[in-house]
There are 2 protein chains.
Amino acid sequence: MSIDNYVKIFKALGEPSRLRMLKLLSVRPMYVCELEKVLQMSQPRISQHLRVMKHAGLVTERKEAQRTFYALKIDYLDEQFKELLEFFHADLESLPLFTGENQRFKELEEDCGVAQCKEGKIDAVKIKQEA
Amino acid sequence: MSIDNYVKIFKALGEPSRLRMLKLLSVRPMYVCELEKVLQMSQPRISQHLRVMKHAGLVTERKEAQRTFYALKIDYLDEQFKELLEFFHADLESLPLFTGENQRFKELEEDCGVAQCKEGKIDAVKIKQEA
DNA sequence: AACTTATATAATAATATTATTATACACGGA
DNA sequence: TCCGTGTATAATAATATTATTATATAAGTT
């Protein structure tokens, strides 16, 4: 688990051209020139988006003579989605990357009964009822 | 299902500050001033990221006197993730937004036996074996 | 009423992303 | 060996995103 890794994956997914490409690759692996035809985009545009997705770990590439064959790593995608949902359900304490947040979060919880954020205190009791 | 909707969600998730905020909101709903303290970010920065996430449908806001109370819509997140995995497993034909791609994809498949992308033909038989 | 707190928003500057154009390079065929 | 095909990459211009600073608004407090 790494925030940066999730960010890289979601950045890769958060672009319409790339989502369309990924959907096509989900049908079957394809060559760049095929994607070019089906998506009607310029070749450099396709290659650049494929590079982003490769770096995010979402596709594999394989050279075949002059061609390059790209395939969606659907298992990786499934796995990462599952992992992220677990991330959202995990305790703060179990996440090494959130030690600072966890510390400050606890301080907030300890200062109950005073409804002032400015002095670092807040009515945490009331908040818990609402949540 | 809408590509643009997915894109909006993934754009919102594809930023480290926002991912951290969402994780905190997964612990419990929080006020802006609390997020400010725990994340140690400036207030406008927090508000702006919250706005992005609200527009993506990932959080709800509720006014409470001067404060605003933000909550993660975990059910929506779960639902959208599930939907996207279904999107990747769906037939091209069942996706209304991909009629153009589907058409051109079929043309590609029909031109079997000729390994030339330039003339719109490709060795689709070979490709199917590999995939 | 004046002051403080909490939040949102506008304006700005800095940075990142995207698409196009131009170029380079590898491979196979004539 | 020269040419066409397929792909990657660099350079550029256009656009979008991000964080900060400054300001506005609204609600509680004295």
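Chain A is the first sequence line, chain B the second, and so forth, proteins listed ahead of strands; every chain is numbered from 1. Since the structure is predicted, the reported quantities are computational estimates derived from the model, not experimental observations.
There is a side-chain donor-acceptor pair under 3.5 Å between B:Ser47 and B:Gln43.
Of the residues in residues 16-24 of chain B, not one comes within less than 4.0 Å of DNA chain C through any heavy atom.
For B:Gln66, taking side-chain heavy atoms from C-beta onward, the closest of the listed nucleotides C:dT5, D:dT7, D:dT5 is C:dT5. Nearest to the side-chain atoms of B:Cys33 among the listed nucleotides C:dC27, C:dA6, C:dT17 stands C:dA6. Each of D:dA8, C:dT7, D:dT20 was ranked by its minimum atom distance to the side chain of B:Ser42; first place goes to D:dT20.
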Could you go through nucleotides 9-12 of chain C and list every protein N or O atom that sits under 3.5 Å from one of its N or O atoms, giving the distance for each pair?
from: C:dA10; atom 1: N6; to: B:Gln48; atom 2: NE2; distance (Å): 3.3

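Ring centroids of A:Phe87 and A:Tyr6 are separated by less than 6.0 Å, placing the two rings close together.
Because its NZ or CZ atom is both nearer than 6.0 Å to the ring centre of B:Tyr31 and within 45° of the ring axis, B:Arg67 counts as a cation-pi partner of that residue.
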Kindly determine whether B:Arg28 and A:Glu109 satisfy salt bridge (charged side-chain N to carboxylate O under 4.0 Å, His left out), including the steps that lead there.
-> CA-CA 11 Å; B:Arg28 70 160 167 77; A:Glu109 299 285 63; 3.0 Å; yes
Given side-chain contact (heavy atoms from CB on, under 4.5 Å), test B:Arg104 with A:Lys37 step by step and report yes or no.
-> CA-CA 7 Å; B:Arg104 292 188 293 273; A:Lys37 287 213 155 302; over 6 Å; no
Run the salt bridge (charged side-chain N to carboxylate O under 4.0 Å, His left out) check on B:Glu64 and B:Arg62 step by step: do they pass?
-> CA-CA 6 Å; B:Glu64 280 187 19; B:Arg62 197 180 65 210; 2.6 Å; yes
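Applying the 4.0 Å criterion to OP1 and OP2 of C:dA8, one finds that B:Tyr70 has a side-chain N or O inside that range. An OP1 or OP2 oxygen of C:dA19 is reached within less than 4.0 angstrom by a side-chain nitrogen or oxygen of A:His49.
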